[in-house]
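To start, the structure under review is shown below, and the notes come after it.
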2 protein chains.
Amino acid sequence: MPAAQRADARRNYARILAVAEEEVAAHGADASLEQIARTAGVGSATVRRHFPTRAALLEAVFRERIEALAARARELAGAEDVRAALLEWLGALTDYSASVQGMATAMLRNGDLAPEHANPCVDPLAEAGDPLLRRAMRAGAVRPGVTATDLVTLIAGIALATEHHPDPAAEADRLLGLVVAGICPPG
Amino acid sequence: MPAAQRADARRNYARILAVAEEEVAAHGADASLEQIARTAGVGSATVRRHFPTRAALLEAVFRERIEALAARARELAGAEDVRAALLEWLGALTDYSASVQGMATAMLRNGDLAPEHANPCVDPLAEAGDPLLRRAMRAGAVRPGVTATDLVTLIAGIALATEHHPDPAAEADRLLGLVVAGICPPG
DNA sequence: TTGCTAAGTGGCGGGGTCCTCCGTATCGTA
DNA sequence: TACGATACGGAGGACCCCGCCACTTAGCAA
């Protein structure tokens with residue numbers, strides 16, 4: 001039995017995904033599925049067959065990048081300076097979320113109606129960042145009560161909030177700095 | 001010369017605005033203009049005539065509330081404890097942004113294509129919060145480099161990021177707490 | 001090589017939205 | 001009351017999402 005999909009199906013999947021990447025990069029998370037189908041040279045039904053929901057497509061589009069960010073977190077988990085390691089990772093996450101169209105939206109828009117049921121974008125990132133965060137907390141470099149999901153959520157929020165800024169990445173970085181340091185000083 | 005609009009125009013404006021408030025409260029910032037027109041018993045062109053863009057409609061919908069929040073800021077500007085005053089205002093802003101559908105979106109989606117050209121929702125809030133912030137900074141209660149626009153933007157981002165949470169207002173408050181205190185402790 | 005079968009495809013139609021145009025009804029005034 | 005400017009609303013075009021269904025084609029088996 002052919003457990004795997006047919007060859008043409010796999011080919012179409014790849015074509016659609018490639019086109020979707022460009023289209024999302026150009027028009028954000030609200031890119032037209034119809035347009036993607038047209039550019040990929042397939043019927044719109046075929047797009048829907050491979051990606052039942054818009055969230056599924058966005059997840060696929062950003063999967064590689066998310067995996068790369070997760071890998072970066074694992075690398076940094078062995079760094080000497082735990083605080084610097086965490087901050088570097090947060091910075092990388094912020095840069096990417098703020099500079100790539102649709103990324104932040106994909107993280108925050110819970111495609112399915114599940115209230116908090118494993119967001120396929122936030123979850124892997126939070127899971128990958130968790131060890132980094134725990135190490136930093138154990139070293140006293142992070143205030144207690146903070147979770148990895150909090151950090152990812154905050155960064156996604158910052159990215160969304162700076163989307164219309166002239167230089168989103170720079171502004172997002174600046175805001176991240178404020179959040180890390182806190183609005184109110186030590187005293 | 002009738003500088004003012006006609007009586008029926010004023011009536012329609014009010015009807016549309018009232019319906020829009022309900023509709024936005026129910027379906028968020030993406031509420032259907034067509035549906036609003038239908039419920040208000042007017043043609044869709046009439047809606048567009050009074051509110052040329054969706055942003056204009058959202059601004060009108062939230063105008064009163066924004067004004068109320070600005071008034072609260074002016075009240076608090078005379079409070080004894082400057083730090084507490086600022087925090088209370090930020091809390092009020094967060095509560096409202098996170099618990100009312102469409103508010104955060106209205107603040108962040110720059111309707112017109114102007115890059116940073118006076119957002120009619122963020123601007124009045126930032127302006128109203130500015131004295132509060134300045135007083136707090138002068139008293140050393142707030143880290144330098146923070147602007148009122150930063151605060152409003154951050155809160156809007158938090159509100160958007162917690163939109164799909166079971167209890168958005170509570171979660172937003174918690175995240176605001178993290179941001180105020182900072183991720184990294186005093187050391 | 002040649003059928004055969006089921007996986008895969010794509011076009012079509014329905015329902016919805018946004019937006020613009022333009023003939024018409026209505027208000028306020030002379 | 002009659003007129004002119006103001007405001008209205010429906011029609012129509014463009015786009016989009018979505019589900020259905022008849023058709024094509026890949027891949028296995030004889």
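Every chain is numbered from 1, with letters handed out A, B, ... down the list of sequences.
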| query | Of B:Arg54 and A:Thr46, whose nearest nucleotide on DNA chain C comes first from the 5' end? | reply | A:Thr46
| said: What residues from residues 27-45 of chain B pass a heavy-atom cutoff of under 4.0 Å to DNA chain C? | reply: B:Ser32, B:Leu33, B:Glu34, B:Arg38, B:Ser44, B:Ala45
| Atom-to-atom span, CZ of B:Phe51 to P of D:dC8 - whole angstrom | 11 Å
Which pairs of donor and acceptor atoms, one on a side chain in residues 155-162 of chain A, lie under 3.5 Å apart (sequence neighbours left out)?
{"unit_1": "A:Thr162", "atom_1": "OG1", "unit_2": "A:Ile158", "atom_2": "O", "d": "3.0"}
{"unit_1": "A:Thr162", "atom_1": "OG1", "unit_2": "A:Ala159", "atom_2": "O", "d": "3.2"}

| task | Go through the structure and list residues passing side-chain contact (heavy atoms from CB on, under 4.5 Å) with B:Gln101, not counting sequence neighbours. | result | B:Glu163
| In residues 6-15 of chain A, which ones come under 4.0 Å of DNA chain C, going by heavy atoms? | A:Arg6, A:Asp8, A:Ala9, A:Asn12
| Base of D:dG9 paired with side chain of B:Arg49 (donor-acceptor, under 3.5 Å) | yes
| Under 4.0 Å between a side-chain N/O of A:His50 and OP1 or OP2 of C:dG8, yes or no? | no
Side chains of residues 128-136 of chain B: which donor-acceptor partners sit under 3.5 Å, not counting sequence neighbours?
{"unit_1": "B:Asp130", "atom_1": "OD2", "unit_2": "B:Arg134", "atom_2": "NE", "d": "2.8"}
{"unit_1": "B:Arg135", "atom_1": "NE", "unit_2": "B:Ala77", "atom_2": "O", "d": "3.2"}
{"unit_1": "B:Arg135", "atom_1": "NH2", "unit_2": "B:Ala77", "atom_2": "O", "d": "3.0"}
{"unit_1": "B:Arg135", "atom_1": "NH2", "unit_2": "B:Ala79", "atom_2": "O", "d": "2.8"}

| note | Quick note, salt bridge (charged side-chain N to carboxylate O under 4.0 Å, His left out) partners involving residues 45-61 of chain A, not counting sequence neighbours, are A:Glu59-A:Arg63
| query | Among all residues two or more places apart in sequence or in another chain, which pass the side chain to side chain donor-acceptor pair (under 3.5 Å) test with A:Glu64? | reply | none
| said: For residues 35-54 of chain A, which residue pairs pass the ring-ring contact (aromatic ring centres under 6.0 Å, His included) check, not counting sequence neighbours? | reply: A:Tyr13-A:His50, A:Tyr13-A:Phe51
| field | Distance (rounded to the nearest 0.5 Å) between B:Cys121 SG and B:Leu58 CG | value | 7.0 Å
| request: Rounded to the nearest angstrom, tell me the gap between atom CD in A:Glu23 and atom C1' in D:dC16. | output: 14 Å
| request: Any salt bridge (charged side-chain N to carboxylate O under 4.0 Å, His left out) involving residues 23-39 of chain A? Give me the pairs, sequence neighbours left out, ordered by first then second residue. | output: A:Asp30-A:Arg109
| query | What integer distance in Å separates A:Arg48:CZ from D:dC21:P? | reply | 17 Å
